[in-house]
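Data block below; observations after.
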Amino acid sequence: MYGRVYASILQRASSYTLTLYSAAPVQYAHLVALPSYQPQPAHQCHCSSWSPFRSDQLCCTGEESGNWSRSGRHLSTRQDLDLQLSRVQINSILRTNEQTVSVPEFDGRGLSAVRKFESNQLAANTPNEDRRGAATCLQSKGMLFGVFDGHGGWACAQAVSERLLYYIAVAMMSEHSLEELEKSMERGRPVPPILQWYKHHADFNYRESASLYIDHLRVFWQDLLDGEEHGEGMSPRDALDCAFKRLDADISLEAQVPLSSDLMKSTAIQVAFAGCTACVAHVGTDGIYVANSGDCRAVLGVQNEDGSWSALPLSQDHNSQNRDEVERIKAQHPPSERDTVITDDRLLGVLMPLRAFGDVRFKWSHELQQSILSSLESGVDLDSLNLYQYTPPNYLTPPYLDVAPEITHHKLRPQDRFLILGTDGLWDELGSEEAVRLIGEHLSGIHLQAPVSPSERQLKLGQMHELLLKRRARASPALDTNAATHLIRHALGTGEYGELCQERLASMLALPEDLARMYRDDITATVVYLNSDLAKPHHSDPASMGASLRRGASNCQHIGLE
């Protein structure tokens, strides 16, 4: 019924025991080199050709795999592979992790640069290795948004998503506010809140490691107090840079020192040996600061004077496609290693992102790695922790990897309407311009069509039919109120002419956990709607500013902030 796409999938599935729904973990499936398949589109709709997902973050060849294996994969009982999903089932899957948060125009301290944000996640790995975070800075100004893409497991992404926004917020706090935090800790009083988090009900925390995380956050602010002239706190740019580097250093340290329990120790080592890329935006009235480490991406949606949309990138991907990044890595090592530092478009032939948290396998000396793993061997099964005795090839002059973020700043303008943050699972499927167009048209409800050109008027009947199909696809009404869901739906279900292909979408969502990672990646998207009125000249007028503040105060009364 579904054509060659399904025949190919069924052929691939014939050697597996399959399940459509299972909570059992799949360990390191993404570390195995994947076969090359080229399924063809189903004939029922105009779906363009698509191929199995190959841009997984980590990869080992059979010759280099050592103890990295699929032996840890847990499969449940055999059942038939059914790729038929109804529209109700598709919507249920896509909308499970939706989040929509409206932000008061006035929060008691000033105008907000954010009107609302919408977010969603769709897993391919089991469990999902992506994480997200959003919070308001309560002791300084602005909001923080982050997306985090884990590899080698979800442990590092989980820890970074819980901790990084705190480090950034603390770095921006004034010396006086930090002193109040320290006094509260010393006297056992409640600590003034640092962040107001916006959590989805499915988000969770490492409860067992909370005390360790608090202790190291406290050491961080003590170091800031001991430094010279912290004064009113760091600028967002300096805070982002400092927080990324300090948290990565703490992750490395925690894996090396004695901890209070075996569980906490094993968790710290898992976090350090796994890896995570991160893209974090600080959005304030003075503009947007974006810190990126890895291959997540931030893109600004700009509305042009004619109503059309354009994408302004606020980050650069740190992978082998970025020539400047490749040269940066090569310059850190002897000339004799120029041909081995990046091979097969991966760091040492293994890691795709060229900056990341954790991943101490690419940072520590070989001796230190062996020492830490050996210390666990007596009482802990390394395989159960997704840890393996493995050294990348040509590992001669570490470190090969760092987390230093690339930071950009953009001053808000009236035409800047929204910011998209996404993990690479989204950008593997959608270009930046296409993503901005989808959100822009979703926001405005207007689908601009270019006039038929003179050359198009000369098209033959069949060609004109294709052109009309493309134009009709662009004018299709949105099926989702949540813009992040809208992005994910189109990322997985867009056909040859830009139309939503129900059968393609159903096949991508119905893939069992054993196959899903071979055809797509985890996807996380957050869309932040900006208060573009802040950039308009009339806000320099005290009268109009006062009117805006009065509207904001009224909003605060409605949500109980006054």
Side-chain angles (χ1 to χ4, degrees), residues 1-45 47-57 59 70 73-97 120-130 149 151 154 423-426 428-430 485 487-495 500-525:
M1 175 179 178
Y2 291 101
R4 284 176 287 180
V5 171
Y6 308 94
S8 175
I9 295 174
L10 288 168
Q11 180 181 8
R12 178 75 181 99
S14 61
S15 62
Y16 284 84
T17 303
L18 297 172
T19 178
L20 288 181
Y21 305 101
S22 173
V26 178
Q27 298 181 357
Y28 279 87
H30 58 292
L31 297 174
V32 180
L34 303 178
S36 296
Y37 289 90
Q38 186 67 33
Q40 297 299 314
H43 65 275
Q44 286 87 348
C45 61
C47 297
S48 57
S49 297
W50 52 285
S51 60
F53 179 75
R54 287 298 303 266
S55 61
D56 42 306
Q57 304 280 37
C59 179
R70 299 172 64 174
R73 182 187 294 274
H74 298 283
L75 303 174
S76 57
T77 56
R78 180 180 298 275
Q79 54 182 271
D80 292 334
L81 177 62
D82 184 3
L83 298 179
Q84 302 181 52
L85 292 177
S86 69
R87 290 182 183 271
V88 172
Q89 289 173 309
I90 289 173
N91 290 340
S92 177
I93 293 170
L94 287 176
R95 296 171 182 171
T96 297
N97 296 311
N120 200 357
Q121 293 184 299
L122 181 69
N125 290 291
T126 306
N128 188 358
E129 294 181 356
D130 279 5
D149 187 354
H151 47 265
W154 51 269
T423 56
D424 70 331
L426 176 69
D428 288 332
E429 309 292 342
L430 283 180
T485 308
L487 278 181
I488 295 174
R489 185 186 295 271
H490 280 265
L492 298 182
T494 298
L500 275 172
C501 177
Q502 183 80 1
E503 290 165 347
R504 174 187 168 93
L505 185 59
S507 70
M508 294 294 276
L509 295 178
L511 286 168
E513 63 186 44
D514 303 274
L515 296 178
R517 186 61 181 86
M518 298 182 179
Y519 286 81
R520 60 181 176 85
D521 195 4
D522 301 324
I523 299 176
T524 296

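Values below: all heavy atoms of this structure, side chains included; hydrogens, waters and symmetry mates excluded. It should be emphasised that the depicted structure is a prediction, and the values quoted were computed from it without experimental measurement.
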Task: Rounded distance [0.5 Å steps], CZ in Arg517 versus CD in Glu129 - done: 7.0 Å
Open item on the list: Within this structure, what is the CD1-CD distance for the pair Ile523 and Glu429, rounded to the nearest 0.5 Å?
Closed with: 6.0 Å
TODO: Return yes if a side-chain donor-acceptor contact under 3.5 Å exists between Asn120 and Asn97, otherwise no.
DONE: no
Open item on the list: Looking only at side-chain N and O atoms, does Asp130 offer a donor or acceptor that is under 3.5 Å from a partner on Thr524?
Closed with: yes
TODO: Kindly give the heavy-atom pair with the smallest separation between Ala516 and Ala124, and that separation in Å.
DONE: CB-O, 3.8 Å
Task: Contact summary for Trp154 and Asn128, nearest pair of heavy atoms - done: CB-O, 3.7 Å
Task: Value rounded to 0.5 Å, distance of CE in Met508 from CG in Leu515 - done: 11.5 Å
TODO: Mark yes or no for whether Thr494, through its side chain, and His490, through its backbone, hold a donor-acceptor pair below 3.5 Å.
DONE: yes
TODO: Could you tell me which residues satisfy side-chain contact (heavy atoms from CB on, under 4.5 Å) with Arg95, sequence neighbours excluded, listed by chain and number?
DONE: Asn91, Glu98, Asp480, Thr485, Arg489
- [ ] Look up atom CG in Asp522 and atom CG in Leu122, then write down how far apart they are to the nearest 0.5 Å.
- [x] 8.0 Å
- [ ] Please report the closest heavy-atom contact between Ala525 and Leu487, naming both atoms and the distance.
- [x] CB-CD1, 4.3 Å
Task: Atom pair CD (Gln502) and OG (Ser86), whose distance is rounded to the nearest 0.5 Å - done: 8.5 Å
Task: Value rounded to 0.5 Å, distance of CZ in Arg87 from OG in Ser92 - done: 15.5 Å
Task: Arg520 side chain to Leu492 backbone, donor-acceptor under 3.5 Å - done: no
